[in-house]
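None of these values were measured; they are calculated from a predicted model. Chain letters run A, B, ... following the sequence lines, proteins first and then strands; every chain starts at 1.
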2 protein chains.
Amino acid sequence: MDDTADVNAPEALAGSAPLRRLSLYEVVAEQLREMVLEGELLPGSRISEKRLCESFEVSRTPLREALKVLANEGLVELLPNRGAKVTEVDPREVADLFEVMVELEALSGHLLARRAGEAEIAELRALHRQMLDHYRRQERPEYFRLNQRIHRRLAEISGNGVLLELETALNLKITRARYAANMKLGRWDESAREHERILDALERRDGEALACAMRDHMRKTGDAVLEGLASR
Amino acid sequence: MDDTADVNAPEALAGSAPLRRLSLYEVVAEQLREMVLEGELLPGSRISEKRLCESFEVSRTPLREALKVLANEGLVELLPNRGAKVTEVDPREVADLFEVMVELEALSGHLLARRAGEAEIAELRALHRQMLDHYRRQERPEYFRLNQRIHRRLAEISGNGVLLELETALNLKITRARYAANMKLGRWDESAREHERILDALERRDGEALACAMRDHMRKTGDAVLEGLASR
DNA sequence: GCTCTGAATTTTGAATTCAAAATATATTAT
DNA sequence: ATAATATATTTTGAATTCAAAATTCAGAGC
C-alpha cells in the first residue's frame, strides 16, 4: 500500500476546464459505462473493486456509488456481499428489448408527424444527407455516429421527455448487444434505405407511414442483432 | 456526537428473519421511496442528509447510496454540492408519462392475448372477482391493493421482462402523481367496468380488443390524474 | 487420495474522518 | 442604516478506517 507515489493526483484533468462540476462518481460511471459497452469488461466477469479503484485512482466510495448507477441501468449486477459482475447479454432479454423498442419507435413516429417543425425536419434531412455522404465514402465510424445522432434527434423532436429517456436507456443495452454480436453496425445499405423512407414520411407528415417506417427499421435492426447473437 | 447512546443498534430488526440479506442502502432506499410516494417528503423540499441519517439511524454512506438509486428512479434530484431535493410533480411530465404508458399497455395486451395460459387467465379472473367483492363492500385500500396486483400480474404474464421493468418504473411515478393529485384511487365504478372489458377480451383471446381495452383504461386513468393535478 | 473442517487472508459493507464548497453570520465602511 | 466583504459554521464530497462476510488454503480424518 505504499509503492504508488501520489495517491491524490489533482493534475489529472487539468488544462481546459469549460465546466467541470462533475462529481467523481459521475466521471467513474461514464468510464465504466464505456468499458462495459465496448466489451473491455467482459460480460459475466466479476468486478474487483480494488483493481478498478487503482486503475481510476479513486477511493472505493465514488466507485461504489458509480456501480449503483450502472446497476440501475442494468449494465452490472450487484451480488450481496460478493461484489459486482458485468451482466451477461441474454438473447432472450435482447429480444424483449426490441419488442418494446419497436413500439416506442412507432409512438415516436406518430408524435413526430404531429409535432416536428419545418426547421427541424430540414435539420434532420441535412443530417441524413451528411450520413449518406459518409455512406458513399464508406466512412464507418462517422456513419455510425451520425446514425446515432439522427435517432437521438428524432427522439428529442418527438417532444416527449419520458420517451426520450426510455429510448436513451434502452439504446444503451442495444449498443451493448450490438458489440456482443460483433456488429457495431450492420446493414449499411438496407439501413440507409430505411432512413430514406423515414425522412420521406416525415416530410409528408404522414404519421401512420412514419410510425410504420420507424417500427420496421427497429424491427429489422433487432432481427439482425439477434441473428448475430445466435451465431456466436 | 455524544448524546445518542448506542450508535450501533444491532437489535433493530431482530425476531423473524425469513431471508434478510438486505443491504442497508436497499432498506433505506425502500423507506425513502415510500416517503416520497406518500408525500411525507414534499415535492421540491430539500433533503438534509444529517436529519435523515439520524431518523434512519444509519451513517451517511448508505444514505447517499440510496439517494443515488432514487435519483435514477427520478424521485429525487441530485444538485452538485448542495445535496438532494425531492423532484416536483410536473403535469407536463406526467402527461408524457401516460402517453408512453398507454402504448406499453397496448403492447402488453397484444402479448397477453398470445401468451397467457389458461391457468393464468383463470387466476386473473379470480383476482378480478376478489376485487369486485371489495368494490361492493366499499373497501378502498383492499380494492386498491388488488387493482395494483392485477396490473402487475398482467405485466408479468405478458412475458416480456423489459416491459415489466418499465411498467414498474413508470408506475412508481404514476403512483406519486396520484397522491399529488389527491386521488389515491378515483373512478371506482368506471375502472371496475374497464377491468371487466379487459378480462373479457383476454378470455376471448382477442388481441386487438384487449390492447384497445388496456390502452383505453390507461388513457382514462391518465386523464383523471391530469385533471386532478390541474385543479390544485 | 479425497473430503471435510477450521484458521488465515481477502473482499465487501458501513462508519468515521478529513477537506472543500456553500451558507450563514458578523463586522466595517460608506 | 445599508451594503459589501470577511469570517465562522454548516453541509456536502471523498478518503480512510473498522467490522463482518466470503474466499482461500492448510491440515486432520476417513
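Computed from coordinates, the B:E26 CD to C:dA14 C1' distance equals 14 Å when rounded to whole Å. The distance from atom CD of B:E65 to atom C1' of C:dA14 is 8 Å, rounded to the nearest whole Å. To the nearest angstrom, P of D:dT16 lies 12 Å from CD of A:E54.
Between the side chains of B:E139 and B:H134, at least one donor N or O lies within less than 3.5 Å of an accepting N or O. A donor atom on one side chain and an acceptor atom on the other are not found under 3.5 Å apart for A:R64 and B:T61. For the residue pair B:T221 and B:R178, no side-chain donor N or O sits within less than 3.5 Å of a side-chain acceptor on the partner.
Look at B:S59 and you'll find a side-chain N or O under 4.0 angstrom from OP1 or OP2 of C:dA15.
Under the 3.5 Å distance criterion, the side-chain polar atoms of A:T168 are matched with a main-chain donor or acceptor of A:L164.
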Fill in the blank from the handout: Readout for nucleotides 6-13 of chain C: B = base within 4.0 Å of protein heavy atom, S = sugar-phosphate only, - = neither; 5' to 3' it is -----SBB
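Evaluation of the ring-ring contact (aromatic ring centres under 6.0 Å, His included) test over residues 150-170 of chain B, restricted to residues two or more places apart or in two chains, returns B:H151-B:H195, B:H151-B:H217.
Using a 4.5 Å heavy-atom cutoff, the side chains of B:E99 and A:L111 are in contact.
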